[in-house]
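Single-structure report; data block below.
Note that these values count all heavy atoms, side chains included, but never hydrogens, waters or copies made by symmetry. Reminder, nothing fancy here: chain letters follow the sequence lines and each chain counts from 1.
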There are 2 protein chains.
Amino acid sequence: MLALLGHEAMRRLRDAHTANGLTPRQFHILGLLHDRGPLAQTDLAAETDTAASVLVTQLNPLEADGLVTRTLDPRDRRRHLVVLTETGRQRLRTAAAAQQEVEDELFRSLNDSQRSRLTQLLVLVRDDLTDGNERCGTPTSLDRKTS
Amino acid sequence: MLALLGHEAMRRLRDAHTANGLTPRQFHILGLLHDRGPLAQTDLAAETDTAASVLVTQLNPLEADGLVTRTLDPRDRRRHLVVLTETGRQRLRTAAAAQQEVEDELFRSLNDSQRSRLTQLLVLVRDDLTDGNERCGTPTSLDRKTS
DNA sequence: TATTGTTATACTCTATAACTATA
DNA sequence: TATAGTTATAGAGTATAACAATA
């Protein structure tokens, strides 16, 4: 049921973000750049758990739309620093509002205390999976976030 | 987070079922046939929320492996009744054990009361989404189960 | 030689439409 | 004409390997 509900949640988030010209991954990328400042593509790939080659295909449209710029890191000219533009910041704001709408719709059957209990339980599961996998060396998608 | 955790759950279930030569959908199909007896493909498509064309591609390997048979319904020779064989029943048992292992691993950080509370909250969300969509006419994947 | 980023390729899952056979 | 099932095709998402530039 967790898998099925998660699939439905992803579908709704994808629909909402598509209306803003973004994929869920691109929304994630914009959010990271907003919170952490400019990042190299390697860092973005690690944080979002996407292969480097996939990251490129996500960044290209973002750069073409002027939401993001790529500049060479002067100290290591192999690295491309990805920077959030002002346009990108605005797009992130409207996309975040759309995301919030989807979340409200998804969890409208729960009151505030039920919602926080659900988050609390999911956090327990997630944290156990992430550092559990780091410990026993069975890497999966979830733990690359913290590595 | 629900979407991400659901994705991870689906990945683990898929891996477990792949080891038994099944997809998650095929496991779902076998389970339905076990619980409800022979069903026409239309019914299976509705219950599992898969397009008819997708259902065919899931049933073909099941029939080839002898887990399932397709027979014409004598009362409406357009309908193909899908029947679970004894081999299919056995495969379902081993696959169900594998699914249970994955669930135990996923939720090992929760004790029994936490697990039941999580299920309870997820059921609330799911039921609201399903009959909520039936009411307001915004059909999604989840509500076809109950229609 | 190793690392960053890019390109090309293939594979899976999914959605759609066209087709057949029955009703 | 409408329905049950099938086939073929195209699209999105993802994973892998080969490649260019830089360290």
Side-chain angles (χ1 to χ4, degrees), chain A residues 3-4 6-8 10-15 17-19 21-29 38-64 68-83 139-142 144, chain B residues 3-4 6-8 10-11 13-15 17-18 21-29 38-64 68-83 139-142 144:
Chain A
L4 293 176
H7 197 246
E8 174 69 12
M10 183 62 92
R11 180 199 332 258
R12 289 175 181 226
L13 290 175
R14 187 177 300 281
D15 287 348
H17 286 138
T18 299
L22 296 176
T23 66
R25 275 182 205 274
Q26 289 173 328
F27 176 72
H28 192 184
I29 290 170
L39 291 172
Q41 294 186 200
T42 298
D43 304 327
L44 276 175
E47 294 280 348
T48 60
D49 182 38
T50 61
S53 60
V54 173
L55 187 71
V56 172
T57 68
Q58 301 285 309
L59 287 178
N60 288 341
L62 290 180
E63 190 179 30
V68 133
T69 60
R70 278 191 267 211
T71 67
L72 285 180
D73 183 340
R75 286 180 301 190
D76 181 345
R77 290 174 47 217
R78 291 173 304 183
R79 297 166 73 87
H80 292 196
L81 288 179
V82 184
V83 183
T140 66
S141 63
L142 283 172
R144 284 171 219 161
Chain B
L4 293 177
H7 197 245
E8 175 68 12
M10 183 63 91
R11 179 199 331 258
L13 289 174
R14 185 176 303 281
D15 287 348
H17 286 138
T18 299
L22 296 177
T23 66
R25 276 182 206 275
Q26 289 173 327
F27 175 73
H28 192 184
I29 290 170
L39 292 172
Q41 294 187 199
T42 298
D43 304 326
L44 275 176
E47 294 280 348
T48 60
D49 181 39
T50 61
S53 60
V54 173
L55 187 70
V56 172
T57 67
Q58 301 284 310
L59 287 179
N60 288 341
L62 289 181
E63 191 179 29
V68 134
T69 60
R70 280 190 265 212
T71 66
L72 285 179
D73 182 341
R75 287 179 303 190
D76 182 345
R77 289 175 46 216
R78 292 173 302 182
R79 298 167 72 87
H80 293 195
L81 288 179
V82 184
V83 184
T140 67
S141 61
L142 284 172
R144 284 171 219 159

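Judged by distance alone, the side chain of A:H17 and the main-chain N or O of A:L13 form a donor-acceptor pair under 3.5 Å. In this structure a side-chain-to-backbone donor-acceptor pair under 3.5 Å is present from B:Q26 to B:T23.
Nucleotide C:dT4 holds its C1' atom 12 Å from the CG atom of A:L81, rounded to whole Å. Rounded to an integer number of Å, the gap from NE2 of B:H7 to C1' of D:dT14 is 9 Å. Rounded to an integer number of Å, the gap from A:M10 CE to C:dC13 C1' is 15 Å. When the P atom of C:dG5 is taken as reference, atom CG of A:D43 falls 8 Å away, rounded to whole Å. One interatomic measurement links the two molecules: CD of B:Q26 to P of C:dT12, which rounds to 13 Å at whole-angstrom precision. For the pair A:D15 CG and C:dA15 P, the interatomic distance rounds to 11 Å; values are reported in whole Å. A:L39 places its CG atom 14 Å from the P atom of C:dT4, with the value rounded to the nearest Å.
Side-chain atoms of B:R78 come within donor-acceptor range of the base of D:dT3, with a qualifying N/O pair under 3.5 Å. Within 3.5 Å, a donor on the side chain of A:S53 pairs with an acceptor on the base of D:dT16, or the reverse. No hydrogens or angles were tested; on distance alone, nothing pairs the side chain of A:T42 with the base of C:dT3 as donor and acceptor under 3.5 Å.
Taking side-chain N and O atoms only, B:R77 has no distance below 4.0 Å to OP1 or OP2 of D:dG5. The phosphate of D:dG13 has OP1 or OP2 within less than 4.0 Å of a side-chain N or O from A:R14. Taking 4.0 angstrom as the limit, A:H80 places a side-chain polar atom (N or O) nearer than this to OP1 or OP2 of C:dT6. A sub-4.0 Å separation between OP1 or OP2 of D:dT14 and a side-chain N or O of A:R25 is present.
Rounding to the nearest 0.5 Å gives a distance of 12.5 Å between CZ of A:R11 and OG1 of A:T18.
B:R79 has a carboxylate O that lies under 4.0 Å from a charged side-chain N of B:D43, or vice versa, which qualifies the two as a salt bridge.
Side-chain proximity of B:Q41 to the nucleotides D:dT22, D:dT6, D:dT14 is greatest for D:dT6. In this structure, the nucleotide among C:dA15, C:dG5, D:dT7 sitting nearest to the side chain of B:V56 is D:dT7.
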- Taking it one step at a time, do B:Q58 and B:I29 satisfy side-chain contact (heavy atoms from CB on, under 4.5 Å)? CA-CA 9 Å; B:Q58 301 284 310; B:I29 290 170; 4.0 Å; yes
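The nearest heavy atom of DNA chain C to A:R79 and to A:N60 marks one nucleotide each, and the one closer to the 5' end goes with A:R79. Two residues, A:L72 and A:T23, neighbour DNA chain D, and the one matched to the more 5' nucleotide by heavy-atom proximity is A:T23.
Contact annotation for B:R70: backbone-only contact, meaning every heavy-atom pair under 4.0 Å involves sugar-phosphate atoms and none involves a base.
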